[in-house]
Amino acid sequence: MKKSSVMLTTALLSSALCTSAFADEFGLKGAGEIGYTNTTGNTESTAVYGALKLDYIQKVYEFKSAFEVSNKSEDGDQTQERYVADLQYNRFYNESKNYYSFVQARFEQDKFADIDLDSLFSIGLGKTFIKDEVTLLRGEAGIGYQSTDYSTSDDTYQAVGRLKGDYSYKFNEHVKFTQDAILYAGAEQTKIETNTGIKVKMADSLSMKATYQYRSNSDPAPGIKKDDTQTIITLMYDF
């Protein structure tokens with residue numbers, strides 16, 4: 001595994017721990033996740049996953065950011081290298097903050113999907129349908145523009161429609177179910193990503209999370225499979 005990948009993953013967790021010290025003062029919330037596995041014997045494999053989410057909330061607006069890195073190697077050969085950065089600005093239109101408009105920018109690099117850089121910019125409207133101590137249900141709809149630069153294939157450009165849903169349910173003080181799904185649909189390709197997770201609280205700010213991630217691309221680069229799945233076990237630090 002590349003040294004830079006390990007350093008970046010460590011930086012994500014370190015950022016979460018450092019940021020938590022200033023969270024209350026600046027109205028910042030977030031979570032840092034890290035997962036690591038190392039297998040030796042007949043097959044030697046290493047997998048590293050790291051994520052950092054930050055949410056800056058004010059009276060009439062909110063700024064959200066998410067960063068993700070995922071790397072795997074097997075018998076010395078790297079089999080996955082993916083980086084994602086997602087930035088979103090929400091503008092609220094009532095005191096309860098359940099109606100809002102948004103502007104989003106998302107960037108992805110995936111070496112083993114032949115993607116040098118996938119850039120997406122979108123605008124739209126969002127609605128929080130349910131938000132209480134147990135349940136959260138939120139939906140977003142919008143339009144945007146996507147450009148995908150491939151390493152060995154022709155680049156693609158398209159206008160897209162965007163749909164997103166977020167759902168969570170808290171079974172008790174310690175166990176929480178989370179589900180999100182996002183769709184980008186255009187003339188050249190349609191992308192879908194879903195994340196299904198169970199979060200188990202271990203201490204005040206520390207949890208263990210198991211996530212099943214599904215990604216689909218209707219028209220990937222030649223030789224690349226349309227569907228990807230990943231099961232991720234991480235430690236999460238909330239602040």
Side-chain angles (χ1 to χ4, degrees), residues 11-33 50-69 83-109 117-147 159-170 176-186 191-195 197 199 204-205 207 209 211 236-239:
L12 286 169
L13 184 61
S14 299
S15 298
L17 295 172
C18 293
T19 304
S20 64
F22 305 98
D24 291 338
E25 183 178 354
F26 294 102
L28 193 66
K29 299 194 307 180
E33 291 183 65
L52 177 64
K53 296 181 180 180
L54 299 173
D55 192 356
Y56 178 69
I57 304 174
Q58 293 297 302
K59 185 176 181 180
V60 297
Y61 70 88
E62 174 184 31
F63 182 76
K64 303 169 69 174
S65 61
F67 307 93
E68 181 182 338
V69 55
Y83 307 94
V84 178
D86 195 314
L87 308 173
Q88 184 168 323
Y89 173 84
N90 296 336
R91 174 64 164 83
F92 302 116
Y93 292 102
N94 57 7
E95 291 186 4
S96 60
K97 300 180 181 180
N98 58 358
Y99 287 99
Y100 60 94
S101 58
F102 69 84
V103 178
Q104 180 207 23
R106 184 181 187 276
F107 307 96
E108 177 183 350
Q109 184 182 58
L117 182 64
D118 183 282
S119 304
L120 189 140
F121 304 91
S122 63
I123 59 173
L125 299 173
K127 163 70 173 171
T128 301
F129 299 98
I130 305 172
K131 186 177 182 180
D132 55 36
E133 294 182 356
V134 175
T135 306
L136 171 68
L137 178 61
R138 179 185 295 124
E140 295 178 353
I143 57 174
Y145 182 79
Q146 180 184 28
S147 64
V160 296
R162 175 189 185 276
L163 292 174
K164 184 182 181 184
D166 291 288
Y167 174 77
S168 67
Y169 182 81
K170 191 174 181 180
K176 183 178 181 181
F177 171 81
T178 62
Q179 176 69 62
D180 65 69
I182 191 163
L183 165 73
Y184 300 105
K191 285 190 171 184
I192 300 172
E193 180 174 326
T194 67
N195 294 277
K199 182 179 176 182
D204 287 343
S205 298
S207 303
K209 187 178 180 183
T211 304
M236 174 180 284
Y237 182 82
D238 294 293
F239 54 89

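Residues take their numbers from the sequence shown, with the count starting at 1. Quick note: numbers below take in every heavy atom, side chains included, and nothing from hydrogens, waters or symmetry partners.
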- Query: Who are the ring pair (Phe, Tyr, Trp, His ring centres under 6.0 Å) partners of Y145, not counting sequence neighbours?
  - Reply: none
- Task: Output all residues satisfying ring pair (Phe, Tyr, Trp, His ring centres under 6.0 Å) with F177, sequence neighbours left out; order by chain, then residue number.
- Result: none
[Y] side chain reached by [X] side chain, heavy atoms, under 4.5 Å:
X    : Y    : result
T178 : K209 : yes
Y83  : L117 : no
V84  : Q109 : no
S65  : Y56  : no
K199 : D238 : yes
I130 : L136 : no

Would you please name every residue forming a salt bridge (charged side-chain N to carboxylate O under 4.0 Å, His left out) with [X], sequence neighbours left out?
X    : result
E108 : R82, R106
K64  : none
K53  : none
K191 : D118

What is the minimum heavy-atom distance between [X] and [Y], and which atoms define it?
X    : Y    : answer
K59  : F92  : O-CD1, 4.1 Å
F102 : S122 : CE1-OG, 3.9 Å
F239 : G32  : CE2-N, 4.4 Å

- Message: Keeping E68 on the side-chain end and L52 on the backbone end, is there a donor-acceptor pair under 3.5 Å?
- Response: no
- Message: Counting neighbours of OH on Y99 that are heavy atoms of other residues, nucleotides or ligands and sit closer than 6.0 Å, is the number greater than 12?
- Response: no
- Item | Derivation and outcome, side chain to side chain contact (heavy atoms under 4.5 Å, CB included), residues F63 and L87 | CA-CA 8 Å; F63 182 76; L87 308 173; 4.3 Å; yes
- Message: Using 0.5 Å steps for rounding, measure from the CD atom of E193 to the NZ atom of K164.
- Response: 9.5 Å
- Message: Rounded at 0.5 Å granularity, tell me how far CG in N195 sits from CG in D180.
- Response: 4.5 Å
- Measure up the Y89 and Y61 rings against each other and bin them: parallel (under 30°), tilted (30 to 60°), perpendicular (over 60°). parallel
Partners of [X] by side-chain contact (heavy atoms from CB on, under 4.5 Å), sequence neighbours excluded?
X    : result
I123 : V103, I143
Y169 : V134, T135, Y167, F171
A185 : L183, T190
N98  : N94, S96, K127, T128

- Query: Going by the salt bridge (charged side-chain N to carboxylate O under 4.0 Å, His left out) test, which pairs reach into residues 132-147, not counting sequence neighbours?
  - Reply: E140-R162
- Message: I'd like to know if the side chain of Q88 pairs up with that of D86 as donor and acceptor (distance under 3.5 Å, no hydrogens or angles considered).
- Response: no
- Evaluation steps, side chain to side chain contact (heavy atoms under 4.5 Å, CB included), between L137 and D166: CA-CA 6 Å; L137 178 61; D166 291 288; over 6 Å; no
- Could you tell me which residues satisfy side-chain hydrogen bond (donor to acceptor under 3.5 Å, both in side chains) with Y93, sequence neighbours excluded, listed by chain and number? S101
- Message: Checking S168 against K176 for the side chain to side chain contact (heavy atoms under 4.5 Å, CB included) test, could you report, in this order, the C-alpha distance in whole Å, the side-chain angles of both residues, the deciding distance, and whether it holds?
- Response: CA-CA 7 Å; S168 67; K176 183 178 181 181; 3.7 Å; yes
- Message: For F107 and F67: C-alpha separation, side-chain torsions, deciding distance, then whether ring-ring contact (aromatic ring centres under 6.0 Å, His included) applies.
- Response: CA-CA 10 Å; F107 307 96; F67 307 93; over 10 Å; no
